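Here the structure is a predicted model, which is why all the values come from computation and not from measurement.
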Amino acid sequence: MSVTAEPHPEPAPPRRRDRTHWLYIAVIAAVVLGVVVGLVAPEVGKSVGVLGTMFVNLIKMMIGPIIFCTIVLGIGSVRKAATVGKVGGLAFGYFLAMSTIALTIGLLVGNLIHPGSGMHLSESSAGKGAELAEKAHEAGGLMDFVQGIIPETLFSALTEGSVLQALFVALLVGFALQAMGSSGEPILRGIEHLQKLVFKVLIMILWLAPIGAFGAIANVVGQTGWTAVTQLLTLMLGFYVTCVLFVFGVLGILLRAVSGVSIFKLVRYLAREYLLIFSTSSSESALPRLIAKMEHLGVDRSTVGVVVPTGYSFNLDGTAIYLTMAALFIADALSAPMSVGQQIGLLVFMIVASKGAAGVTGAGLATLAGGLQAHRPDLLDGVGLIVGIDRFMSEARAVTNFSGNAVATLLVGSWTHTVDKAKVDAVLRGDDPFDELTMVDDHADRTREPAPA
């Protein structure tokens, strides 16, 4: 009697170790060292400011490709979401509305607290700003501005450094692919691969963030002393407080009014996911778990399959607040405050350009640089001021983005009557706890395509 040996299971591939915490530590060390150098040897601090400028130039290099890829793929996801009808339409409308509200709140808070107003870094930038303003004045009026959006060729928009031209071409390509239907899918997949390459290059650049942060902070502290430190801390504190008020105020009231659910109970239900986000500084790390938990909470699978993945590209409340507050901080720090019209123009630009900035560390920084380059190029060098504290604010951005998508899922489920209210109450009371053992990552493969209606 022969015995057939059972095949040995193949060993699981070794998990790649996450080394981003070393970057986090390096940035903290670089900021502390930059402050020390700026205080002890101000002239040395000013001389190393070129390191921050070089890092900002590397970020500027990535603006065009990032905006092109994210906008084209974002429009593609809208087309997919639209195929599920009412759920997709409501979700997309809600995302646009909440992004606008979040951006507006960021502008309001920024105008109230005036972060950076005590730094007065105008000496090094006033001449350049005046020169750029004079050139803009000589360029003409509205028609010349509109004419400048149209590039010479389809591809020159990605090489000439004009953000508005890159945005214009991305919209054209996105809608063209949308009109092509299924025949445009291979091109869309190709752009998705290109986006992966672009973000990989961006991640490589971000490993130079400690050098850029050291140069920028040392230069600023060398010019202003302790004022720079206190103003940066004011921005961070103001941003964190704004995010907390947005989640427990705006989102909490909306969730209670529409779904009858307490935001505090929802936050407690998602506590493990918040810890995961804090440890990785990315809301995408909790994406599979959010899908599993929202389904367990009682929201229909088809609704979760549309709202959560689409929200990760279109519902970036924390990033929206960060973009506007950071832009106002840079303008105040350089003693070149934005007019109301410029703030509104920046808000409209950020509504479009911020789509797709989630999940990739540094994409928000590139989007901020793109917005300034499009509306106030004289402020672009001020992005270096943010590099040192950008990492410290990434956790609040990610947690706020994550909270916004969890709330959006329940709201859309309530509007479309695809949520079991009795199940929601039972789960949030603790009567039906989530089984961690049955939570598997195969939910992640549904994050790219919405579930069929």
Side-chain angles (χ1 to χ4, degrees), residues 22-61 110 113-133 205-240 322 325-338 362 364-366 368-369 372-373 376-394:
W22 293 112
L23 177 60
Y24 199 178
I25 296 173
V27 169
I28 295 175
V31 169
V32 173
L33 181 61
V35 171
V36 172
V37 171
L39 291 174
V40 175
E43 294 304 319
V44 176
K46 295 176 185 178
S47 67
V48 298
V50 65
L51 297 176
T53 302
M54 292 169 62
F55 180 77
V56 172
N57 288 338
L58 288 172
I59 296 292
K60 287 165 56 179
M61 178 181 71
I113 66 175
H114 294 290
S117 58
M119 296 175 72
H120 304 298
L121 297 174
S122 57
E123 295 181 2
S124 61
S125 59
K128 182 179 178 182
E131 181 182 348
L132 287 169
I205 292 174
L206 289 175
W207 279 99
L208 299 176
I211 299 176
F214 167 75
I217 295 295
N219 180 36
V220 173
V221 175
Q223 294 183 55
T224 66
W226 274 110
T227 303
V229 179
T230 57
Q231 292 295 319
L232 289 170
L233 290 176
T234 299
L235 174 62
M236 289 174 55
L237 180 61
F239 176 66
Y240 270 80
Y322 161 80
M325 289 189 67
L328 291 180
F329 172 83
I330 292 172
D332 288 338
L334 296 179
S335 299
M338 294 185 181
L365 197 63
L368 171 64
L372 293 177
Q373 182 172 328
R376 288 289 301 273
D378 55 308
L379 302 178
L380 187 56
D381 288 340
V383 174
L385 305 175
I386 302 293
V387 173
I389 62 171
D390 176 77
R391 181 74 181 181
F392 299 107
M393 297 191 288
S394 60

*asked:* In the structure I gave you, are the side-chain heavy atoms of Val50 and Met54 within less than 4.5 Å of one another anywhere?
replied: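 Of all side-chain heavy-atom pairs linking Met54 with Val50, at least one is under 4.5 Å.
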
Distance from [X] atom [atom1] to [Y] atom [atom2], nearest 0.5 Å?
X      : Y      : atom1 : atom2 : value
Phe329 : Ile113 : CZ    : CD1   : 10.0 Å
Leu237 : Thr230 : CG    : OG1   : 12.0 Å
Tyr322 : Leu235 : OH    : CG    : 8.5 Å

*Which residues pass the side chain to side chain contact (heavy atoms under 4.5 Å, CB included) test with Ala331, sequence neighbours left out?*
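Expected list: Met338, Leu379.
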
*Apply side chain to side chain contact (heavy atoms under 4.5 Å, CB included) to Val44 and list each qualifying residue two or more places apart in sequence or on a separate chain.*
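By the side chain to side chain contact (heavy atoms under 4.5 Å, CB included) rule, Val44 matches Val37, Ala41, Ser47.
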
Please report the closest heavy-atom contact between [X] and [Y], naming both atoms and the distance.
X      : Y     : value
Pro210 : Ala30 : O-CB, 3.1 Å
Gly215 : Leu51 : CA-CB, 4.0 Å
Ala218 : Val48 : CB-CG2, 3.7 Å

*Would you mind listing every salt bridge (charged side-chain N to carboxylate O under 4.0 Å, His left out) that reaches into residues 39-51, with sequence neighbours excluded?*
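Sorted pair list: Glu43-Lys46.
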
